[in-house]
Amino acid sequence: MKLKRTHTCGELNLSHTGQKVVLNGWVDNWRDHGGIIFIDLRDRYGKTQVVFYPENADIYATAKKLRSEYVIAVKGEVQARPPEAVNPNLSTGEIEVRVEALELLNVSQVPPFEIKDYVDASEDLRLRYRYLDLRRPKLQRNILLRHRLAQFTRQFFDQEGFVEIETPFLTKSTPEGARDFLVPSRLHRGKFYALPQSPQTYKQILMVSGFDKYFQIVKCFRDEDLRKDRQPEFTQIDIEMSFVDEDDVMGVVERYIQQLFKQLFDEDIPIPFPRIPYHEAMERFGSDKPDLRFGLELNEVTPLFSNTAFNVFASVVKAKGYIGALVVPQASSYSRKQIEQLGKYIESLGGKGLAHVKFMNGQLEGGISKFLSADEHQALKTQLSLKDDALILMVADTHREFAQTLLGSLRLRLAEELDLIDKSVKKFHWVVDFPLLEYDEEEQRYVARHHPFTSPKLEDINKLESQPEEVRARAYDLIFNGNEIAGGSIRIHTREMQEKMFRLLKIEPDEAERKFGFLMEAFQYGAPPHGGIAFGFDRLVMLIADTPSIRDVIAFPKTASAVGLMENTPSEVDPQQLKELGISIENK
RNA sequence: GGGGUCGUAGUUCAGUUGGUUAGAACGCCGGCCUGUCACGCCGGAGGUCGCGAGUUCGAGUCUCGUCGGCCCCGCCA
């Protein structure tokens, strides 16, 4: 390549007029006027219009053949555009480059879709040709934002005295939590490494080592089903600190978020963030990650129906279940069909159904109103402070939290349909006081809600054996506009407590020893009290980039079925490779 | 594992009650054009209607199966 760039395609302006410059880039668009030819040259910094005149026959002949996505180098003089030809939509729109030399660096086939932000292509096609999709300004902006966030993160935690330490990817499979990705060992036939679900145990051991404040921007791997905000490999900002309690960890995180928005976007985020106990979040919003940008809170109405004749509610009351209501104001125009759709939605989530009544002209009508007594009408009216034109949506289920979750999902859907969310608002808050354990019906035992290294609250320790489900954890989740973006806890740091926890989880002592013996052993050599948190980095970037999918902020993501469409992963391997590993494949 | 939804030209889509030769826009190819910038004008090529069965005189359209994309439930300490 003879012509090496002196400038990028985004930086030239009137002040460069008269200068000889060289630009390298891709043909974004071409306009051949017969005599004069315009090319928009594109690189990641922007676009610059270059002009070919017929004077130089050789160059002009080559220019005639230029097509979309050809890679070229041009040399020429920066000239001011005629006033009527200035393009105000382009940062370089006041100038153009009059080409004196042209080097065709590479041609391109006609791309399978146009590399333009205003041209759509299906996502599978864009994933198949990810390198072309990544040429688009929109995706480039996301990737560059991700880069800036990563750089800010390193700078912030460095300034706060944190040490970035790498932990292994070839780790040990653990019984609790997500399914592991396994890596067979060639040197130890029949044995496997596991890719880390998170560097949890390593970072705790680094605390035992005295590193005090650790962070890492690190890949994690979980072999579970995907969602629009979940990929099998994803990135965490992993943080751990010694000699701290909840307030210290939450404090660092609040400063991090505040400075992030200040430095990157000059936005002021007030701290500290509100803290909402888990129980309250469920009661008021039906979610452990409530979106606080709008109201529409849940109302429990179970007691109103203690003697109801309405069978559906009566059976739920009898089973000590939960009946809750959402009151949608000025919604009497909701059509029968729309309400039916909401009912189908509840059923698709596993609910038994959605009951509704309308409040018009001072009384309840429609829906289930005819099954309710006059007293019940009055009680609903009073307790829900009903005003005319309200739509009341009710869900009942024998399982209290499940019913609340259904209403929580309905609440989000209604907010979307009724446009209740002010998208310019940024709401950060903590959810705290999570239950330490939850009962797993399938496994017939308690499992850790967060993870088995989370410390119980001191004041609840005496309930560990008597009322395990009552014990609260020293855990905290950070919620941003209804999305969980970070979660962490104060950890257990003594062998005794850790053993007790494993016993509660019905993990046999010899299994605990095999899987976590190294951690418990480390605790015996002066483990400091410690705690930490981890951010879902991709999710954070996704929310800040305001894009609907985590795939939009990952250079090479997988599809919903965990397939890499560009490189075709996963794929079969050479039988010789399997032989070396001592692995044979069962018939499918 | 379960549910929903989509699949028609290179791309994004339309396609009526099952009925003649499946359309549009953009892109692509050829021609014309010296101030355009999502240039313009003229002409042209381009289709295994995802795949496989079935119903029917006749299927892009209906039925069943299957594959793939996306979304949700389960799952994700």
Side-chain angles (χ1 to χ4, degrees), chain A residues 28-41 47-55 60 67-69 79 81-90 92-93 96 109-129 132 174-180 197-198 200-201 220-232 234 341 344-351 402 405-406 409 412-413 434 436-438 440-442 446-454 473 475 484 487-489 501 505 507 516 534 536 548-549 551 558-561 563 565:
Chain A
D28 188 68
N29 201 3
W30 53 282
R31 294 176 295 281
D32 182 347
H33 284 234
I36 190 169
I37 298 170
F38 299 103
I39 300 278
D40 296 332
L41 199 60
K47 292 176 195 171
T48 302
Q49 175 166 282
V50 302
V51 198
F52 296 86
Y53 295 89
E55 306 149 358
Y60 187 73
R67 292 294 180 270
S68 293
E69 304 309 317
Q79 62 185 20
R81 295 197 192 185
E84 68 277 9
V86 165
N87 185 346
N89 303 320
L90 219 54
T92 61
E96 62 198 7
Q109 293 190 12
V110 176
F113 55 90
E114 294 178 73
I115 319 292
K116 306 269 161 64
D117 272 344
Y118 61 86
V119 176
D120 252 351
S122 66
E123 190 165 6
D124 51 330
L125 192 71
R126 293 193 286 118
L127 287 171
R128 162 85 178 77
Y129 297 95
L132 297 181
T174 53
E176 298 287 286
R179 215 170 275 121
D180 288 319
Q197 299 170 26
S198 86
Q200 185 60 35
T201 47
C220 302
F221 306 86
R222 293 176 190 175
D223 188 6
E224 296 292 347
D225 285 2
L226 291 78
R227 287 286 188 281
K228 67 176 179 203
D229 61 352
R230 269 168 32 192
Q231 284 272 308
F234 62 100
Q341 290 295 324
K344 277 190 188 147
Y345 177 59
I346 290 296
E347 281 164 33
S348 78
L349 297 177
F402 180 60
T405 304
L406 292 174
S409 302
L412 288 177
R413 179 170 164 146
F434 283 90
L436 181 71
L437 305 163
E438 61 190 348
D440 187 321
E441 298 286 349
E442 220 169 282
Y446 283 98
V447 295
R449 196 180 175 101
H450 186 52
H451 57 52
F453 315 110
T454 298
E484 180 193 333
S489 62
M501 182 61 62
L505 300 175
I507 299 175
F516 299 112
S549 161
R551 295 184 298 275
K558 303 281 189 282
T559 66
S561 58
V563 164
L565 288 179

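Keep in mind that the numbers below use all heavy atoms, side chains included, and drop hydrogens, waters and symmetry copies. Every chain is numbered from 1 and lettered A, B, ... according to where its sequence line falls, protein lines coming before strand lines.
- As rounded to the nearest Å, B:G47 and B:A24 have P atoms that lie 15 Å from one another.
- Look at the P atom in both B:U17 and B:C13: the space between them is 22 Å, to the nearest Å.
- Nucleotides B:A9 and B:C71, compared at atom C1', are 28 Å apart to the nearest Å.
- For A:Glu224 and B:C72, the CD to C1' distance is 16 Å, given to the nearest whole Å.
- As rounded to whole Å, 11 Å separates atom P of B:U34 from atom CD1 of A:Ile37.
- Among the protein residues, A:Gln231 comes within range of no part of the nucleic acid, since none of its heavy atoms lies under 4.0 Å from any strand.
- Residue contacts shown for A:Leu226 are absent, as no nucleic acid heavy atom lies under 4.0 Å away.
- The separation of B:U36 from B:C41, taken at their C1' atoms, amounts to 15 Å, rounded to a whole angstrom.
- Residue A:Arg449 is classed as a sugar-phosphate contact, given heavy-atom separations below 4.0 Å to backbone atoms only.
- A salt bridge links A:Arg31 to A:Asp40: one of the charged nitrogens lies within less than 4.0 Å of a carboxylate oxygen.
- Separation of the P atoms belonging to B:C70 and B:U55 is 35 Å when rounded to the nearest angstrom.
- Residue-level contact check: A:Pro452 touches the bases, meaning some heavy atom is under 4.0 Å from a base atom.
- B:G10 and B:U56: their P atoms are spaced 34 Å apart (whole Å).
- Contact check, A:Arg227 against B:C73: a side-chain N or O comes under 4.0 Å of OP1 or OP2.
- Comparing the C1' positions of B:A59 and B:U20 gives a spacing of 15 Å, expressed to the nearest Å.
- Taking atom C1' on both nucleotides, B:C75 is separated from B:A38 by 45 Å, rounded to a whole Å.
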